[in-house]
Amino acid sequence: QVQLVESGGGLVQAGGSLRLSCAASGRTFSNYTMGWFRQAPGKEREFVAVLSRSRGSTYYADSVKGRFTISRDNAKNTVYLQMNGLEPEDTAVYYCAAADYDTIVVVTRRYAYWGQGTQVTVSS
């Protein structure tokens with residue numbers, strides 16, 4: 001079992017920045033590929049970013065490419081999502097998730113563990 005707890009969400013004006021954190025506990029954090037997803041009201045949960053467990057490969061949704069950066073600190077059992085140039089369309093609940101695959105994973109069903117989510121609201 002892996003427990004994930006997100007933090008760092010909040011209200012920010014368009015063009016602003018936030019850094020989300022996801023603290024993991026339980027099994028060895030470095031064994032998992034970590035992803036960020038988001039879900040806006042009335043919409044399905046969508047992929048945002050992923051960081052593979054060993055090679056450290058990253059992949060981003062087109063909508064956030066160039067604005068968001070995913071990183072991890074295995075010593076702190078934490079994965080981060082740095083979000084710059086935020087837009088009102090980025091408003092959503094953001095979730096981190098852990099997958100037991102050593103590759104890029106973008107589909108929700110491949111992720112076994114999920115956090116409770118943190119709200120990000122971007123005002124125009």
Side-chain angles (χ1 to χ4, degrees):
Q1 287 281 350
V2 176
Q3 292 78 42
L4 302 172
V5 179
E6 302 97 335
S7 61
L11 174 64
V12 64
Q13 289 188 333
S17 298
L18 284 174
R19 188 177 80 156
L20 305 183
S21 299
C22 174
S25 61
R27 292 187 176 178
T28 305
F29 173 72
S30 59
N31 287 347
Y32 293 89
T33 284
M34 299 300 296
W36 285 96
F37 291 76
R38 66 187 182 186
Q39 188 166 17
K43 295 187 176 181
E44 292 187 355
R45 192 168 299 189
E46 66 175 4
F47 166 77
V48 174
V50 60
L51 177 57
S52 68
R53 72 184 183 197
S54 63
R55 293 186 177 183
S57 300
T58 59
Y59 184 73
Y60 298 91
D62 287 344
S63 59
V64 307
K65 200 172 296 183
R67 299 187 297 124
F68 291 11
T69 303
I70 187 172
S71 62
R72 69 193 297 165
D73 185 337
N74 287 338
K76 295 183 178 180
N77 291 344
T78 302
V79 62
Y80 303 98
L81 185 67
Q82 178 67 44
M83 306 186 295
N84 299 328
L86 283 162
E87 304 167 352
E89 294 73 21
D90 296 316
T91 295
V93 176
Y94 283 71
Y95 300 89
C96 71
D100 192 13
Y101 295 91
D102 192 13
T103 186
I104 297 297
V105 183
V106 301
V107 294
T108 57
R109 66 178 181 273
R110 295 290 184 92
Y111 286 83
Y113 305 103
W114 292 83
Q116 83 290 346
T118 185
Q119 176 70 47
V120 171
T121 303
V122 184
S123 62
S124 57

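From a predicted model like this one, the values you see are computed outputs, not experimental measurements.
- When hydrophobic clusters are built by joining Ile, Leu, Val, Met, Phe, Trp and Tyr residues whose side-chain heavy atoms come closer than 4.5 Å, directly or via intermediates, V79 is grouped together with L18.
- Follow the hydrophobic side-chain contacts under 4.5 Å out from I104 and you never reach Y80; the two are in separate clusters.
- In this structure, F47 has its ring center no closer than 6.0 Å to that of Y60.
- Linking ILVMFWY side-chain heavy atoms closer than 4.5 Å, directly or via other members, places F68 and V122 in a single hydrophobic cluster.
- Annotation: K65, atom NZ; neighbour count of heavy atoms from other residues, nucleotides and ligands within 6.0 Å is above 12.
- Every pair passing side chain to side chain donor-acceptor pair (under 3.5 Å) that includes a residue from residues 98-109 is listed here, sequence neighbours excluded: R53-D100, S54-D102.
- Hydrophobic cluster membership is shared by L4 and L81, with clusters built from Ile, Leu, Val, Met, Phe, Trp and Tyr side chains linked at under 4.5 angstrom.
- Side-chain contact between E89 and T91: absent, with no pair of heavy atoms (C-beta onward) separated by less than 4.5 Å.
- For Q82 against N84, the heavy-atom pair with the smallest separation is NE2-OD1, 2.9 Å.
- Residues Q116 and Y95 are not in side-chain contact: their nearest non-hydrogen atoms beyond the backbone lie 4.5 Å or more apart.
- Between F37 and W114, the ring centre distance stays below 6.0 Å.
- Counting only heavy atoms from C-beta outward, the side chains of M34 and R72 approach each other to under 4.5 Å.
- Residues P88 and A14 approach most closely at CD-CB, 4.1 Å, considering heavy atoms.
- Just one of L20, V64, L51 meets the side-chain contact (heavy atoms from CB on, under 4.5 Å) condition when paired with I70; it is L51.
- With hydrogens and angles ignored, the 3.5 Å screen pairs no side-chain donor or acceptor of R110 with any backbone N or O of V105.
- To the nearest 0.5 Å, the span separating OH on Y94 from CE on M83 amounts to 5.5 Å.
- Looking at heavy atoms from C-beta onward, T78 lies out of side-chain contact with F29 at the 4.5 angstrom threshold.
- Between the E6 side chain and the G117 main chain, a donor and an acceptor come within less than 3.5 Å of each other.
- Cluster annotation: V93 and L86 are assigned to distinct hydrophobic clusters (Ile/Leu/Val/Met/Phe/Trp/Tyr, side-chain heavy-atom contacts under 4.5 Å, transitive).
- Put simply, the side chain of V50 does not reach to within 4.5 Å of the side chain of T58, judged on heavy atoms.
- For the pair S52 (side chain) and S57 (backbone), a donor-acceptor distance under 3.5 Å is present.
- In this structure, CZ in R38 is found 15.5 Å from SG in C96, a value given to the nearest 0.5 Å.
- With sequence neighbours excluded, the residues that form a side chain to side chain donor-acceptor pair (under 3.5 Å) with R45 are Q39.
- Here CD of Q13 is found 9.5 Å from OG of S124. Values are rounded to the nearest 0.5 Å.
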